[in-house]
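Structure first, then comments.
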2 protein chains.
Amino acid sequence: MVLSEKPGNGGARPGGRTARVRTSVLEAAGDALAERGMDGLDLADVARRAGVGRTTVYRRWGSVPALVADLLQDMAEQSQPRAETGSLIEDLTANAHLVRETLAHPRQGPLFKAIIAAATCDERTARALHRFYEVRVREWAPCVERAVERDELPEGTDAHEVVRAVSAPLYYRLLASGGALDEETAERSARAAVAAARAGVYVR
Amino acid sequence: MVLSEKPGNGGARPGGRTARVRTSVLEAAGDALAERGMDGLDLADVARRAGVGRTTVYRRWGSVPALVADLLQDMAEQSQPRAETGSLIEDLTANAHLVRETLAHPRQGPLFKAIIAAATCDERTARALHRFYEVRVREWAPCVERAVERDELPEGTDAHEVVRAVSAPLYYRLLASGGALDEETAERSARAAVAAARAGVYVR
DNA sequence: CGCTTAATGGGACTATAATCCCGTTAGTGG
DNA sequence: CCACTAACGGGATTATAGTCCCATTAAGCG
């Protein structure tokens, strides 16, 4: 995790400017991805938005997927708030609304689309994406585990799979079938996940 | 209508060669997309594979998303077999297995990924994709409608939404969270859809 | 506060994708 | 079977993405 050791072996310089460049480039990349999508992304344009030389972007990231992978790692690090109301359906509904708001957001939605598109083109980006969702799922799994402890759900229920089941219908709409990402859809996906979990579908 | 004016739309020649070119180009495009993904797609390469001049591909389709949109229309036309066993869970499990086999297929899986990536970049391609799934969903909806008639599911159940619920977890794995697209996953998504539908989640 | 050098930035340079031009091929209708 | 022309194919041309070179800037350190 540590970027560099003591300046005895390599002499890396992660401080000041380098970090500032990374921040502004990732932000500019997010903006550009949200606006133009992943195929319309020009690294020279990203550099211009970030107020940085083209050469720098090409040297440090080299390709669109590599840049997206770094962006994802950055996004995974900023953690999201999690609900914990004591009721499974309320917790999962809160999660569904959070996901829905993100995907329906004028900047975040297109950004996620672009990132997922980039992940289909590049294995490293795909792995970064999978890690991102693993982090998010892990944050919400305790809601389900508590419900198992309260005997709301059968013993042995796969908490991660239940959390994923809440997101799946929303992403399916966003990427495949189309249709509105409204609040009713969010609530329905939460209720569906709970109904299936109660029926023991996610028992390992 | 005046017959002697323009034959067809304006002297168009949809016969023989033109149709042959379209077929071979779409097939080559499918191959190339499955192999290299949507960003690695070079129209010149597609032309070479199809045994067709580059100029032809650029003239008739012009861009990658336009080509993908045409490919999708072609795919939507070739209808898939549908199960009808008389049992909802068996029908939806058959559907889930069909979807799973497609997405896990060494050619079809990457092809679908690439198509969905292309749809995130281009509005027309996205609409073609939505139509594609609408056609597929419409084919399977009767299974659910029968189940409603048999009182297996509550009155007013949205058949289309139930069918979509079967696919959603599989696509979510393919595109977002990662993980194996195995038969257990397919069966679980079918059972989850049935459990949620029985609970009245998809009642309009 | 200077010294060393990692990291940056601008511009020239190269590679590849997309377009244009024009002669050739082959559906279509008579 | 022939004439007409839509549609095609190859090569030249142009546009754009990506790389390289080298002078300049500033982080890390004594």
Side-chain angles (χ1 to χ4, degrees), chain A residues 2-29 32-33 35-70 114 118 121-122, chain B residues 1-29 32-33 35-68 70 114 118 121-122:
Chain A
V2 180
L3 292 175
S4 70
E5 288 95 290
K6 297 289 152 25
N9 72 353
R13 296 179 182 182
R17 183 169 60 169
T18 299
R20 219 156 43 239
V21 165
R22 175 169 182 256
T23 302
S24 56
V25 167
L26 291 187
E27 193 183 323
L33 278 174
E35 282 176 29
R36 302 191 186 286
M38 98 111 192
D39 73 325
L41 191 63
D42 175 15
L43 293 198
D45 179 55
V46 171
R48 207 175 312 117
R49 288 167 184 256
V52 156
R54 302 182 275 289
T55 316
T56 301
V57 176
Y58 278 109
R59 184 172 30 231
R60 284 188 58 180
W61 290 277
S63 73
V64 173
L67 182 56
V68 174
D70 196 24
C121 305
D122 182 73
Chain B
M1 291 300 188
V2 180
L3 297 173
S4 59
E5 288 295 288
K6 320 169 212 173
N9 57 23
R13 295 179 181 181
R17 182 169 60 169
T18 299
R20 217 156 44 236
V21 164
R22 176 169 182 256
T23 303
S24 56
V25 167
L26 290 186
E27 192 183 325
L33 278 174
E35 283 176 28
R36 302 188 186 287
M38 99 112 192
D39 74 325
L41 191 62
D42 174 15
L43 293 198
D45 178 55
V46 171
R48 207 175 314 118
R49 289 166 184 258
V52 156
R54 299 181 275 294
T55 315
T56 300
V57 177
Y58 280 108
R59 186 172 31 232
R60 284 188 59 180
W61 291 277
S63 72
V64 172
L67 181 56
V68 173
D70 196 25
C121 306
D122 182 73

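Just so we're on the same page: letters track the sequence lines, and every chain starts at 1. It should be emphasised that the depicted structure is a prediction, and the values quoted were computed from it without experimental measurement.
Of the candidates C/dC20, C/dA7, C/dA26, the closest approach to any side-chain atom of A/T18 belongs to C/dA7. Here C/dG11 is the nucleotide among C/dG11, C/dT8, D/dC8 with the atom lying nearest to any side-chain atom of A/T55. Distances from the side chain of A/D42 to the nucleotides C/dG10, D/dA17, D/dG10 place D/dA17 closest.
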Using distance only, find each side-chain donor-acceptor pair of residues 53-60 of chain B under 3.5 Å and give its atom names and separation, not counting sequence neighbours.
unit_1, atom_1, unit_2, atom_2, d
B/R60, NH1, B/T18, O, 3.1

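In summary, of the residues considered (A/L33, A/D122, A/L26), a side-chain contact (heavy atoms from CB on, under 4.5 Å) with A/V68 occurs for A/L33 alone.
Of all the heavy atoms in A/M38 and A/C121, the pair that sits closest is CE-SG, 3.4 Å. A/A50 and A/S24 get closest at one heavy-atom pair: CB-O, 3.6 Å.
Rounded to an integer number of Å, the gap from CZ of A/R17 to P of D/dA26 is 6 Å. With rounding to whole Å, B/L43 atom CG is found 10 Å from C/dA17 atom P. When rounded to the nearest whole Å, the span between CZ of B/R54 and P of C/dT16 equals 14 Å. The interatomic distance linking B/D39 (CG) with D/dA17 (P) rounds to 15 Å, in whole Å. Atom CZ of B/R20 and atom P of D/dG9 are 10 Å apart (whole Å).
Across its full length, the helix from C/dC1-D/dG30 to C/dG30-D/dC1 shows an angle of 50° between the axes of its 5 terminal pairs at either end, rounded to 10 degrees.
Side-chain contact between A/D39 and B/D39 is absent, with no heavy atoms from C-beta onward closer than 4.5 Å. Inter-residue side-chain proximity for A/V25 and A/L67 is flagged as met; some heavy-atom pair is nearer than 4.5 Å.
Atom-to-atom distance recorded for B/R36:CZ and B/D42:CG is 8.5 Å, nearest 0.5 angstrom.
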- Query: Does the pair B/V46 and B/R49 meet the rule for a side chain to side chain contact (heavy atoms under 4.5 Å, CB included), with working shown?
  - Reply: CA-CA 5 Å; B/V46 171; B/R49 289 166 184 258; 5.5 Å; no

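Remark: B/T56, B/R59, B/R60 in residues 56-67 of chain B come within less than 4.0 Å of DNA chain D through at least one heavy atom.
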